[in-house]
Amino acid sequence: MKKKYILDKVYDPTPVEEKWSKFWIDKGLFKPQVPSSKKNFSMVLPPPNVTGSLHMGHALCFTLPDIIVRWRRMQGYNTLWLPGTDHASIAVHSVIEQSLAEKGLTREKVGREEFLKIAWDWKSKYGGVITNQLKKLGTSLDWTRERFTLDDGFSTAVRHVFIDLYHEGLIYRDYYLVNRCPHCGTVLSDIEIEHKERKAKLYFIKYPLLDSEESIIVATTRPETMLGDTAVAVHPSDERYAKMQGKKALLPLVNREIPVITDERVEMEFGTGAVKVTPAHDPVDFELGKHHNLEQVIVIDGSGRMTEAAGKEFMGLDRYECREKVVSRLKEMGLLEKIEDYQHAVGHCYRCQTIIEPHLSWQWFVRVEPLAKEAIRVVEEGKIEFIPPNWAKTYFEWMYNIHDWCISRQLWWGHRIPAWHCRKCEHVTVVEKAPKKCEKCQSSDLIQDEDVLDTWFSSALWPFATMGWPEETEDLKTFYPTDLMSTGFDIIFFWVARMIMMGLKFAGDIPFRYVYINGLVRDFKRRKMSKSEGNIIDPLEMIDKYGTDALRFTMAALAIPGMDISLSEERMAGYRAFANKIWNATRFVLMSLKSDEFHQKEEELTLADRWIKSRLVKVIEELNDALENYKFYEAADKIYHFIWHEFCDWYIELVKPSLKEGNKTSEAVLVDTLDQILRLLHPFMPFITEEIWQHLPSSGESLAVASFPRAEQDLKDEEAESEMRFLQDAIIGVRTIRAENRIPPRQKINLWVIVNKEEEKQIIRKNQTCIQTLANIRQVEIWDYFPQEKKLLKGVAGSWEIAIPLEEGVFDLEREKQRLEKELAKIMLDIEKIEKRLHKDNFINRAPKEVIQETEARLQELQNKKIKLERSLEHILSLI
Ligand SMILES: [Zn+2]
Ligand SMILES: [Zn+2]
């Protein structure tokens with residue numbers, strides 16, 4: 001045998017995976033041709049955070065598109081899958097600031113320049129972690145085109161977009177109440193806030209009215225903000241407060257005179273019906289304040305501490321310390337009416353889970369509505385499709401109610417806003433590079449805006465900025481719009497919607513044709529994975545244990561659109577066994593080869609050969625169909641079943657006699673089928689298939705660029721398939737009788753069959769050898785009816801009857817009778833014991849519920865077994 005044809009005895013994934021992962025990249029097999037006359041297929045990788053490390057969500061989100069792109073590549077498409085990472089402003093800040101804190105430093109102490117240097121150093125040192133993990137996962141990305149959202153070209157694109165939108169009036173600056181995370185030290189957009197129900201207190205505070213003995217009582221969950229109150233509001237038709245309207249109250253602790261105003265927006269049912277108004281610290285009050293021209297007093301700063309305006313007593317306190325102090329001071333003064341328990345939704349930072357502080361400040365915004373209009377249209381017109389389609393509904397709901405997007409962040413790691421403020425006339429000059437003079441007053445006293453852009457602002461440009469936009473590159477011409485985007489439902493608004501808006505606006509077309517929305521990956525007990533629960537399953541650990549191919553196959557097999565994925569170690573172990581099965585089958589095939597020359601002669605094709613060829617064609621069709629519709633689970637199921645059950649369990653067994661007879665055609669069909677199977681499986685399990693394929697006589701440079709099998713219609717053979725079904729039924733029938741009657745598979749027996757149709761008799765006669773080999777039969781006899789006097793073990797097989805004659809030595813009836821009787825006696829004893837136990841009062845009353853249930857289940861199981869044994873015994877007795 002040629003050395004090439006020898007496979008190791010046992011499959012070890014680790015060295016094989018390392019070898020091919022490197023080989024594919026070194027050979028540049030994932031690099032497309034530009035330009036190319038072939039059909040193109042392209043995707044951009046959803047860029048993982050540069051701080052990231054591979055988790056199960058990634059493993060799913062990257063495996064599925066890899067299956068598609070590998071399949072398309074093998075189908076002959078000119079494919080591009082473009083990789084890269086995201087600079088992740090907040091995440092990087094938290095890493096660097098923590099390391100600074102350990103040295104007793106802050107970013108303010110080291111300064112912007114030094115901070116950025118540290119961040120870039122960190123990036124070059126650790127930024128490659130996720131990149132290497134992606135390679136480990138077998139993703140067929142073109143690493144020569146790798147991008148980073150902060151690289152030079154990308155930064156140019158970001159500035160370009162900002163400036164264009166600004167000059168079109170779609171980006172503006174405003175003094176507005178925004179969400180700020182005191183911990184992350186930056187403002188956030190509305191969708192970066194997670195609203196969570198929290199138990200809280202509702203404080204009822206008396207505000208004395210001026211020139212009156214009376215007070216007006218307001219209810220609030222945030223008493224510390226009262227220091228910034230500039231009014232009390234009641235509903236205009238609230239009778240309770242009719243005589244207080246227009247009067248003034250004296251704000252306790254601050255001694256500010258504030259008016260009692262009326263506004264339709266006040267909810268009469270909340271608290272006392274009178275509410276305090278803090279325009280600088282509450283979104284509703286902010287609107288109210290604008291409408292009534294109220295003063296905006298900022299009492300809490302961006303880091304959650306009380307400002308000077310809060311008064312000397314409170315200045316510098318943390319907002320929650322201040323709350324306690326305010327409450328105790330009010331108590332002292334007899335102004336705290338009561339405290340009630342209260343449950344309400346509170347906004348939290350999606351990064352660090354700190355409670356958000358509404359924060360009045362100058363920020364940059366995108367006027368989103370005009371952009372959203374177009375983005376809605378393309379989905380409505382079906383130019384972009386969501387899979388599963390119900391996600392489009394979620395998309396529309398958000399898009400139709402979209403708010404302006406706050407894009408400035410008080411961070412340093414990111415795209416600094418290309419705007420220069422004039423210190424003389426306050427005009428803002430928005431240009432590509434630092435201007436020498438203010439465009440309005442010509443002053444040279446300019447300072448660049450301190451803020452950077454929201455990371456999502458840059459990632460919105462990902463599909464086209466990665467291809468070289470704003471230059472008109474060959475890549476853009478060839479690969480934009482892309483074909484597929486695979487991502488999580490949690491970033492439909494953050495990312496998908498914004499890519500659609502920006503793609504349409506700047507690249508002049510949709511960014512992708514299909515959006516595949518992945519389900520959530522859950523743990524082994526169907527629970528959501530979370531750090532706090534400690535139930536995170538690490539994909540790298542699973543890879544070490546079962547191999548990447550098994551992990552990938554699990555992902556595909558569980559990926560039902562619209563459903564969460566419940567991981568199961570059993571599944572992964574099962575697909576690891578699947579890999580072994582293919583490995584062992586290949587070893588058999590290779591060892592059976594007698595030469596290097598393979599020719600198929602039509603007249604030498606056996607039924608089994610014709611059958612497997614026909615089945616293969618149908619599987620190719622089914623696989624293509626499933627993948628075209630992104631039904632990964634269906635594709636995985638078809639290929640798994642075909643390889644394990646049809647190829648390994650049936651065909652390899654069926655072909656053995658022909659190989660023995662030296663049928664060269666069967667040998668050729670066997671090798672060819674294995675070759676095609678590896679091609680079909682390659683997108684799912686790239687590593688083991690490449691390894692095996694390289695050992696086949698038909699191998700080439702790499703399976704990754706070999707052609708995907710075509711469904712050749714003339715190989716479909718309905719006759720062969722129906723004949724084979726007929727034989728398989730017979731063989732399964734015999735195996736069942738054997739198992740039921742404990743006749744060892746190795747023991748040769750005779751088989752009688754009743755078939756009525758002449759063509760069926762023909763099939764049996766023609767395929768005697770096949771039945772004999774697979775069911776271990778000495779002789780097959782065809783009967784019109786079974787003779788009464790014969791002792792037979794009978795059964796059915798598909799549409800006809802079969803029987804095993806009880807001849808000398810085949811089956812010892814007496815011994816079987818004794819065995820059954822003995823087993824029956826034992827089971828009855830067990831049943832008695834359990835029944836007694838269940839009838840004892842102290843067991844029923846004292847044992848835990850689960851134990852009782854378990855015992856009852858066990859009893860049921862034994863009773864079922866008893867019935868089966870009794871039936872078998874009855875049958876045996878009838879034969880004696
Ligand atoms: Zn935060
Ligand atoms: Zn100026």
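Whatever order the structure lists ligands and atoms in, that order sets their numbers, starting from 1. Computed from a predicted structure; not experimentally measured. For the single chain, residues carry numbers from 1 onward in sequence order.
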Salt bridge (Lys or Arg N to Asp or Glu O under 4.0 Å) between Glu432 and Arg159, intermediate numbers included
CA-CA 6 Å; Glu432 173 80 30; Arg159 278 197 301 273; 3.0 Å; yes
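Glu267 CD: 12 or fewer foreign heavy atoms inside a 6.0 Å radius.
In this structure, the ring of Phe506 has its center less than 6.0 angstrom from the ring center of Trp469.
Rounded to 10°, the angle formed at the Zn ion (ligand 2) by Cys441 SG and Cys438 SG is 110°. Of the angles at the Zn ion (ligand 1), the one spanning SG of Cys349 and SG of Cys181 is 110° when given to 10°. Atoms SG of Cys425 and SG of Cys422, as seen from the Zn ion (ligand 2), are separated by an angle of 110°, to the nearest 10°.
In this structure a side-chain-to-backbone donor-acceptor pair under 3.5 Å is missing from His93 to Leu411.
The nearest N, O or S atom of Cys352 is closer to the Zn ion (ligand 1) than 2.8 Å.
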